[in-house]
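Quick note: numbers below take in every heavy atom, side chains included, and nothing from hydrogens, waters or symmetry partners.
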Amino acid sequence: MSSREILFLDPVFTHNIWGGTRLRTEFGYEVTGSDIGECWGISAHEKGDCEIAGGSYAGKRLSELWKEHPELFGFLNCSRFPLMVKIIDAREDLSVQVHPDNAYAKKHENGSFGKTECWYVLDCEKDAALVVGHNASSKEELERMVGNGLWEEFIREIPVKKGSFVQIDPGCVHAIKGGLLVYEVEQNSDITYRVYDYDRLSGGKPRELHIQKSIDVIRAPARPMEKCVTDASSVPKNQWCALVACDSYRVWKLALDERLVFEQPYPFLQLSVLEGEGTINGVFIKKGMHMILPSGFGRTELAGKMEVMASSVGNCQDTQ
């Protein structure tokens, strides 16, 4: 067994105009309100910095651990902890958004990371859809549609189901629709440009839109619809199944119904239990728990009946 500890984390929660109650009722998180939009299960962001729950580092923030103990994260050459893991409960539609890449964000957003992200649909209604991409064939058509508010013509919805997996690259127009429960892995950034918000009011006022920045970064034409979504609902049992590998992250899914022993070869490995319960190296874990296996953790044994998502870094090195 490893001499290094599993880093269990206490999530941070956000309240949003579109949020609901499923993070409490289905995941058992002790958070009040009927507008709970997001669980930041693994986060070292200044707006939501998870605490380590128990062990030698109990009470420390993840961002502190990143700075004080770089050996736990493989001495990565990143200016900050590179990833975030969220669970999102969309009771209503989220705004239509787009994210910049690292170069644009560094120049225009005070040195921030841009944002690449991916979604795994945990649950949704029949005939559910997500906004992924748009219908403009060129940058000129994009400017015309957005500038004239031709939203029905511009926005592209694609059908999804429980187990759908979606990669959202910078420049991709996207929105989670009401009724979806989504697991998300993303770069450690909250830079989001709001393109359209269905004319909703928050505190009696429309929320801010970022039209010019959105036009700057939206890619036109969008990727073809059939290349945007894959079906990860059914994967071979008791083995890690790769869902995506890109510069920002790698993501795997595990459908466990017995036991799996593996080595942890990455700078760190993030784990989230999305269904069921079991043990990790003999320690009880259940739905809704998030943890990090640090660098050099070594032999890991998972046992029980669980659906687990794992993620680690891609080529995230930077010199900021």
Side-chain angles (χ1 to χ4, degrees), residues 14 16 18 37-38 40 43-48 63 76-86 88 93-119 130-147 149 151 154-156 158 166-176 182 184-197 206-224 227-228 244-251 311 313-320:
T14 68
N16 305 81
W18 42 261
E38 298 182 344
W40 295 19
S43 172
H45 195 275
E46 59 266 23
K47 293 183 180 179
S63 63
L76 280 172
N77 183 29
C78 295
S79 57
R80 69 210 79 171
F81 189 81
L83 300 177
M84 296 177 71
V85 170
K86 297 179 181 178
I88 299 171
D93 294 349
L94 274 70
S95 61
V96 178
Q97 309 170 357
V98 66
H99 302 308
D101 61 17
N102 288 338
Y104 189 95
K106 185 175 182 178
K107 181 178 180 180
H108 296 276
E109 303 295 344
N110 197 30
S112 173
F113 284 155
K115 190 187 286 193
T116 303
E117 65 185 39
C118 60
W119 300 333
L130 290 166
V131 173
V132 181
H134 58 82
N135 294 315
S137 60
S138 64
K139 204 73 172 180
E140 291 73 24
E141 190 172 24
L142 163 71
E143 292 183 9
R144 178 185 67 82
M145 288 179 172
V146 172
W151 303 118
F154 174 70
I155 292 170
R156 185 179 76 185
I158 59 176
V166 187
Q167 171 75 358
I168 304 292
D169 293 322
C172 175
V173 175
H174 61 278
I176 297 174
V182 172
E184 178 178 87
V185 178
E186 62 187 322
Q187 286 181 273
N188 182 6
S189 170
D190 68 341
I191 303 300
T192 292
Y193 299 148
R194 196 177 290 123
V195 184
Y196 178 56
D197 196 34
R207 293 197 294 175
E208 181 184 6
L209 301 179
H210 312 94
I211 298 299
Q212 188 53 56
K213 287 181 176 179
S214 296
I215 291 173
D216 286 348
V217 304
I218 292 172
R219 295 181 181 179
R223 288 180 70 195
K227 293 185 177 181
C228 294
V244 68
C246 64
D247 284 347
S248 298
Y249 47 70
R250 303 175 181 184
V251 179
S311 53
V313 290
N315 301 315
C316 77
Q317 317 286 5
D318 74 82
T319 55
Q320 292 181 351

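Residues passing the side-chain hydrogen bond (donor to acceptor under 3.5 Å, both in side chains) test with S214, sequence neighbours excluded: none. By the ring pair (Phe, Tyr, Trp, His ring centres under 6.0 Å) test, H174 is found to be paired with H99, W119, residues two or more places apart in sequence or in another chain being considered. In this structure, W18 has no side-chain hydrogen bond (donor to acceptor under 3.5 Å, both in side chains) partners at least two apart in sequence or on a different chain.
Within the 4.5 Å cutoff, no side-chain heavy atoms of P100 are placed close to those of P170. Residues I155 and V173 have side chains not in contact (no heavy-atom distance under 4.5 Å, counting atoms from C-beta outward). Looking at heavy atoms from C-beta onward, W40 lies out of side-chain contact with V85 at the 4.5 angstrom threshold. Proximity of V166 to L130: side-chain heavy atoms (C-beta onward) are separated by under 4.5 Å at one or more points.
Note: S95 OG to R207 CZ = 5.0 Å, rounded to the nearest 0.5 Å. A distance of 9.0 Å separates CZ in R223 from CD1 in I168, rounded to the nearest 0.5 Å. Atom CZ of F113 and atom OG of S79 lie 4.0 Å apart (nearest 0.5 Å). Taking CD1 from I88 and CG from L94, the interatomic distance works out to 7.0 Å, rounded to the nearest 0.5 Å. Atom CD of E117 is separated from atom OG1 of T192 by 7.0 Å, given to the nearest 0.5 angstrom. In this structure, E208 CD and D197 CG are separated by 11.5 Å, a value rounded to the nearest 0.5 Å.
Scanning both residues, A222 and G133, for their nearest heavy atoms gives CB-CA, 4.0 Å. Counting all heavy atoms, side chain and backbone alike, S189 lies closest to M84 at N-SD, 3.8 Å. The nearest pair of heavy atoms linking N16 to G37 is OD1-CA, 3.3 Å. When all heavy atoms of R80 and G111 are compared, the pair lying nearest together is NH2-O, 3.3 Å.
Using modelled atom types and a 3.5 Å distance limit, the side chains of Q187 and N102 yield a donor-acceptor pair.
In this structure a side-chain-to-backbone donor-acceptor pair under 3.5 Å is missing from K115 to I191. With hydrogens and angles disregarded, no donor-acceptor distance shorter than 3.5 Å links the side chain of K106 to the backbone of D101. Not one N or O on the side chain of K47 forms a donor-acceptor pair closer than 3.5 Å with the backbone of D190. The backbone N or O of S248 sits nowhere less than 3.5 Å from a side-chain atom of T116 that would complete a donor-acceptor pair.
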Please evaluate residues Q97 and Y193 with respect to the criterion side chain to side chain contact (heavy atoms under 4.5 Å, CB included), reporting the C-alpha separation (whole Å), side-chain torsions for both, the decisive distance (0.1 Å), and the verdict. CA-CA 6 Å; Q97 309 170 357; Y193 299 148; over 6 Å; no
Go through the steps for N188 and L83 under the test side chain to side chain contact (heavy atoms under 4.5 Å, CB included), then give the verdict. CA-CA 5 Å; N188 182 6; L83 300 177; 5.9 Å; no
Take C228 and I158 through the test side chain to side chain contact (heavy atoms under 4.5 Å, CB included) and record every step on the way to the result. CA-CA 9 Å; C228 294; I158 59 176; 4.2 Å; yes
Could you walk me through whether N135 and E141 satisfy the side chain to side chain contact (heavy atoms under 4.5 Å, CB included) test, starting with their C-alpha distance in whole Å, then the side-chain angles of each, then the deciding distance to 0.1 Å, before giving a yes or no? CA-CA 9 Å; N135 294 315; E141 190 172 24; over 6 Å; no
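A 6.0 Å sphere centred on NZ of K107 holds no more than 12 heavy atoms belonging to other residues, nucleotides or ligands.
Below 30°, between 30° and 60°, or above 60°: for W151 and Y196 the angle between ring planes is below 30°, a parallel geometry.
The residues E186 and K86 are annotated as salt-bridged, a charged nitrogen and a carboxylate oxygen being separated by less than 4.0 angstrom. A salt bridge links K213 with E109: the distance from a Lys NZ or Arg NE/NH1/NH2 to an Asp or Glu carboxylate oxygen falls below 4.0 Å.
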